[in-house]
Amino acid sequence: MKDLELRTLTSQPCELRTSGEGENARPQIFGYGAVFNTRSALIFGTFVEEIAPGAFDDVLGNDVRALFNHDPNFVLGRTSSNTLRLEVDTRGLAYTIDPPDTQTVRDLVLTPLKRGDLNGSSFGFRVAPDGDEWRREGDLIVRTIHKLAELRDVSPVTYPAYGESHAAQRSLDSWKKRTECAQDLAAKAVNERRARERFLDLINI
């Protein structure tokens, strides 16, 4: 899906926790898929991004999957089965995963998490129409996401990275076009005003 965007946090890594005690102890994966009002690293060498509180309000009812490395063949949990639980707090979007008790998951996910080899946290999403805002701060372009159309997955990931996003690029290009058009209109208005002033100066001579 070309509109799907992926974002990764490295400053808020996921971690391995334990639920219950003794024989009833079960591993859980906890992390933050997104943190509010915190700027990302430079994305695609073009812009930075921040997520506003309230961005997830309309998508918490989505049937969200917990995946390993965003791989749909490697499902760790799902909200509809209550093996993935999402919560929005003052920091951001928190998730808790009850992973399946399989040797594959223990080898590829749980053990690397325990050792600290795996610590990235990511989520896949689509932005709602007019759900983002762009602005320029000096030489920096800043995107603020206010509203999501879909929350697709949260994922512990091996390599923190930003997936290629046609949707983000289209939104950025549209903003640049509107900005350039507004600048052209402003420049035209200034030129017309100066022309009128010169004309008035001439007829008053």
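Note: Phe56 and Phe123 meet the aromatic proximity criterion, with ring centroids under 6.0 Å apart.
Side chain to side chain, Glu133 and Thr144 fail the donor-acceptor criterion of an N or O pair below 3.5 Å. Side chains of Thr102 and Thr104: no donor on one and acceptor on the other come within 3.5 Å. Using modelled atom types and a 3.5 Å distance limit, the side chains of Asp89 and Tyr32 yield a donor-acceptor pair. Side chain to side chain, Thr158 and Asn69 meet the donor-acceptor criterion of an N or O pair below 3.5 Å. No side-chain N or O of Glu50 forms a donor-acceptor pair with one of Asn37 less than 3.5 Å apart.
Taking 4.0 Å as the cut-off between side-chain N and carboxylate O, Arg143 and Glu5 count as a salt-bridged pair.
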side-chain contact (heavy atoms from CB on, under 4.5 Å) between Val75 and Thr83, intermediate numbers included: CA-CA 10 Å; Val75 181; Thr83 52; over 6 Å; no
Derivation of the side-chain contact (heavy atoms from CB on, under 4.5 Å) call for Trp134 and Ile141: CA-CA 7 Å; Trp134 299 84; Ile141 296 176; 3.7 Å; yes
From CA spacing to verdict: side-chain contact (heavy atoms from CB on, under 4.5 Å), Leu6, His70: CA-CA 9 Å; Leu6 306 177; His70 295 291; 3.7 Å; yes
Residue pair Thr8, Val157: steps toward the side-chain contact (heavy atoms from CB on, under 4.5 Å) verdict: CA-CA 8 Å; Thr8 301; Val157 292; 4.0 Å; yes
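The minimum heavy-atom distance between Leu118 and Val109, with the atom names listed, is CD2-O, 3.8 Å.
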